[in-house]
Number of protein chains: 2
Amino acid sequence: MKRTRPLKRKPKRTEPKLREPEAADPRSIDDDPVVQGILTAISQKRLKPGAKLGEDKLAAAFGTTRIHIRQALSHLASRKVVMQIPNRGAFVYRPSWAEAQDIFAARRIIETAAVSAAVDRLDKAGKAELKAHMEREARHDRNDRWASLSLTAEFHILVAKLAGNRVLLEMSRELMLRTSLAIATFEQPGEPDCSPDAHPDIGALILARDKAGAVHAMRHHIEEMEQRIRPKEGKDEVDELTAIFQEIGARARAGG
Amino acid sequence: MKRTRPLKRKPKRTEPKLREPEAADPRSIDDDPVVQGILTAISQKRLKPGAKLGEDKLAAAFGTTRIHIRQALSHLASRKVVMQIPNRGAFVYRPSWAEAQDIFAARRIIETAAVSAAVDRLDKAGKAELKAHMEREARHDRNDRWASLSLTAEFHILVAKLAGNRVLLEMSRELMLRTSLAIATFEQPGEPDCSPDAHPDIGALILARDKAGAVHAMRHHIEEMEQRIRPKEGKDEVDELTAIFQEIGARARAGG
DNA sequence: ATTGGACATATTGTAAACAGTATAGCCGCC
DNA sequence: GGCGGCTATACTGTTTACAATATGTCCAAT
């Protein structure tokens, strides 16, 4: 091997000038198959709140490495979909009763605003999309519980999309997921998430450009969902106990 | 060393039964000093959109390891505060013009709702907190740009806190940060984020329990902020160019 | 002089081994 | 017989080194 060049070049202390990342590949971690898999499993209620998400098992299940799984779990944890506990691992998030109520309150605010904006912005393409979804929801097999859950969630997402605000759309997506967790935690067993007649009504009102009516129907629909969950009675005792122990533990730590 | 026990114990195929994580330590990654440091640096505009966040440099600056930094950056990326580009690294997020508008629209919706709820729920402790903040904001040194920025952000956060909904509070926090990025990207140089008189007005209306007035003032305040930013003219050409190249690239990839 | 290629460097991404911690089961003790 | 300590195990968390990618710089050729 010839070495026609001096061994070291000059140190170069100037900053590298760094082209700014204008034309970057916008592929996000949200498109990651692991993230998507866990999210759909949760929204379809195949994964229940509190379920353990072991890294090795997930890595084997998805055919990937632990590092990849850790990244996905961290991402889901910052979205409050999973809960990470130091040295114990990751679990499907279980909202508290207060948090469940806050989630529904937030949905009341955001989705009523979304319906309002959707009526304002409704155009031909939007009408077509909405009609297509309503037809799918009307015709779907009601015995297929997983498909039902996916479709009802998609209706709310579609309304947020029609509102034309991506930030609001992301928030709605997040709130939908957290609603799934809230319902899974506090539901009376056997009841569906959404009452089956509400979506066609809301959709029809949007198509008729009846803004006040659509907003009212959406608010009513969400309140109806909210009234279907109840705080777990036995659960409260347990929570009280754990609160006591936590307080004791904190005091012991603080007092020395 | 004696070995009184058989070498292997029985395989134990039963699932470990796994106590559920009720009494978990809720310390979150949001409390992480690296995350907090970057967030405050951004909200005080010491870090500008597009700035490179190199892992080694951050690790040295915070006196920690690269792994820790990577975790923090991933978390910030899922909150859309930093942008991660494969093999290029992390940068302070730079919202598009459309995204900036969506952020303000979302703030209009959420913060007007928060003001309304704050008026409804206002109690003695809330009044005291609000008065204390207003006094701090009135007395602060206006030449200290960093303190000013922190205080104006804290006012909006305080209103969200008074609304009593943790989910909404988190959303407001996120929107405040993204607003900082939007303003830093599109501001006319030298103007403050919030007009200085708006906060005392809104605070007084809340204290007077004038719900409609407070909501109106908040909406007006946010619209005023929004009108202060302008799309970058020279920027549009660049964006157009990158759009052309991206489109060409996508076509090439799709066509084979 | 400008352009294209190739090396060198800096930085990110990944794998594997190691260490630390909580949990479960067992034995001795009261 | 119930209870507390002890040990083994399984899991997470961290460190380390290595590989891959992008980028800047230099040289050669046109």
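In what follows, chains carry the letters A, B, and so on, assigned in the order in which the sequence lines appear, proteins first and then strands, with residues in each chain numbered from 1. We use all heavy atoms of the structure for the numbers below, so side chains are in, but hydrogens, waters and symmetry mates are not.
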Qualifying residues under side chain to side chain donor-acceptor pair (under 3.5 Å), relative to B:E154, sequence neighbours excluded: B:R136
Close residues, residues 62-71 of chain A, relative to DNA chain C [heavy-atom separation under 4.0 Å]: A:T65, A:I67
For atom CG of A:N87 and atom P of C:dT21, their distance in whole Å: 7 Å
Counterpart residues, salt bridge (charged side-chain N to carboxylate O under 4.0 Å, His left out), relative to A:R66 (two or more places apart): A:E55
Axis-to-axis angle between the two ends of the helix from C:dA1-D:dT30 to C:dC30-D:dG1 (five base pairs per end, rounded to 10 degrees): 10°
D:dA10 OP1/OP2 closer than 4.0 Å to side-chain N/O of A:K52: no
Atom-pair distance (CG on B:D56; C1' on D:dA22), nearest Å: 15 Å
Whole-Å gap separating P (D:dT12) and CG (A:L73): 9 Å
Those residues that, when tested against B:A105, pass side chain to side chain contact (heavy atoms under 4.5 Å, CB included) (two or more places apart): A:N165, B:R108
Under-4.0 Å side-chain N/O to phosphate OP1/OP2 contact, B:K57 with C:dT12: no
Check: A:K45 and A:I183 side chains under 4.5 Å, non-hydrogen atoms: yes
A:R178 bridged to A:E174 by N-O distance under 4.0 Å: yes
Main-chain N/O of B:A60 paired to B:T64 side chain as donor or acceptor, under 3.5 Å: no
Residues which pass salt bridge (charged side-chain N to carboxylate O under 4.0 Å, His left out) with A:D144, listed by chain and number, not counting sequence neighbours: none
Worked check of side chain to side chain contact (heavy atoms under 4.5 Å, CB included) between B:K52 and B:K57: CA-CA 10 Å; B:K52 164 99 179 179; B:K57 289 181 183 173; over 6 Å; no
Rounded interatomic separation in angstrom, taking CD from B:E55 and P from C:dT11: 11 Å
Phosphate OP1/OP2 of C:dT23: any A:R88 side-chain N/O under 4.0 Å: yes
